[in-house]
Amino acid sequence: FGVDWIPLASVADAREELASLSETLVFSDIFEIGEIKGDLSGCVDETFTPIQANGVPECLKLTTETEQTKKLAAFFETRRYCAMMGGTHEFTKWEGLNFDKEGKKWYTALSAVQGGMVENSI
């Protein structure tokens with residue numbers, strides 16, 4: 001299998017802006033919530049993206065497609081935004097990463113994996 005990196009945003013150019021918004025920002029400033037189909041196969045309105053959030057299916061879309069909204073989503077709702085961008089979000093307790101120089105292998109530990117990656121499920 002392969003692993004790809006999905007860039008979400010950079011804090012370098014947003015630190016002050018994010019800090020100033022952290023006290024007043026609410027979920028609806030970032031996302032609109034859509035309706036899930038009755039059979040849980042997706043969203044009624046296809047402009048929304050189906051995701052799993054803490055084991056609960058949701059249909060979300062950004063309130064606007066601006067860079068500012070994308071940054072807000074990336075830093076204040078990272079797991080949801082990651083899921084919308086096609087990333088895995090089941091790994092909730094990634095404890096560490098280590099590299100064995102001699103064996104040229106990476107090792108990592110996960111202490112919690114939620115809502116396994118099931119094909120064609122939201």
Side-chain angles (χ1 to χ4, degrees):
F1 76 95
V3 175
D4 295 315
W5 187 261
I6 300 173
L8 298 180
S10 171
V11 74
D13 58 346
R15 188 172 308 227
E16 289 180 25
E17 174 188 7
L18 293 171
S20 69
L21 290 170
S22 65
E23 297 296 321
T24 59
L25 192 69
V26 294
F27 188 81
S28 61
D29 292 335
I30 303 170
F31 294 109
E32 292 180 42
I33 301 172
E35 184 181 348
I36 296 279
K37 290 181 181 179
D39 63 359
L40 304 179
S41 64
C43 302
V44 172
D45 179 342
E46 293 186 5
T47 64
F48 286 80
T49 302
I51 68 163
Q52 286 275 350
N54 300 313
V56 177
E58 292 182 341
C59 289
L60 299 176
K61 71 177 176 180
L62 295 174
T63 55
T64 63
E65 286 291 327
T66 63
E67 288 305 309
Q68 179 185 19
T69 304
K70 291 175 183 178
K71 285 179 189 175
L72 294 174
F75 289 101
F76 290 105
E77 286 290 343
T78 308
R79 293 186 70 229
R80 283 182 168 104
Y81 189 52
C82 174
M84 287 180 66
M85 299 300 291
T88 186
H89 55 96
E90 290 86 358
F91 306 134
T92 59
K93 297 278 290 172
W94 209 313
E95 301 294 340
L97 186 64
N98 199 355
F99 182 67
D100 173 13
K101 291 180 196 177
E102 291 178 25
K104 296 182 181 177
K105 293 182 181 182
W106 286 97
Y107 295 92
T108 189
L110 299 167
S111 62
V113 178
Q114 298 177 349
M117 297 172 274
V118 178
E119 188 174 352
N120 298 323
S121 71
I122 56 171

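All residue numbers in this chain count up from 1 along the given sequence. Bear in mind that the values here come from a model prediction, so they are computed numbers and not experimental data.
- Contact between Cys43 and Pro50 at its shortest, heavy atoms only, is SG-N, 3.5 Å.
- Rounding to the nearest 0.5 Å places CD1 of Ile51 at 12.5 Å from OH of Tyr81.
- Between the OG1 atom in Thr78 and the CZ atom in Arg80 there is a gap of 11.0 Å [rounded to 0.5 Å].
- Following chains of ILVMFWY side-chain contacts shorter than 4.5 Å, one can reach Leu25 starting from Phe27, so the two form part of one hydrophobic cluster.
- Met84 has its side chain within reach of Phe31: a pair of non-hydrogen atoms, C-beta onward, lies under 4.5 Å apart.
- What you find for Pro57 and Leu40 is that their closest heavy atoms are CG-CD2, 4.1 Å.
- Closest approach of Cys59 to Ile36, counting heavy atoms only: SG-CD1, 3.3 Å.
- The shortest side-chain heavy-atom distance between Cys82 and Leu8 falls under the 4.5 Å cut-off.
- In this structure, Glu46 CD and Lys61 NZ are separated by 12.0 Å, a value rounded to the nearest 0.5 Å.
- Remark: Leu21 CG to Gln68 CD distance equals 6.5 Å, nearest 0.5 Å.
- Side-chain contact between Phe48 and Glu58 is absent, with no heavy-atom pair separated by less than 4.5 Å.
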Name each donor-acceptor pair under 3.5 Å that joins a side chain in residues 96-103 to protein atoms two or more places apart or in another chain, with its distance.
residue: Asp100; atom: OD1; partner: Glu102; partner atom: N; Å: 3.2
residue: Asp100; atom: OD1; partner: Gly103; partner atom: N; Å: 3.2
residue: Asp100; atom: OD2; partner: Gly103; partner atom: N; Å: 3.3

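- In this view, Glu32 satisfies the salt bridge (Lys or Arg N to Asp or Glu O under 4.0 Å) rule with no residue, not counting sequence neighbours.
- The shortest distance between side-chain heavy atoms of Leu60 and Ile33 falls below 4.5 Å.
- For the side-chain contact (heavy atoms from CB on, under 4.5 Å) with Leu62, the lone residue among Leu72, Thr49, Ile30 that qualifies is Ile30.
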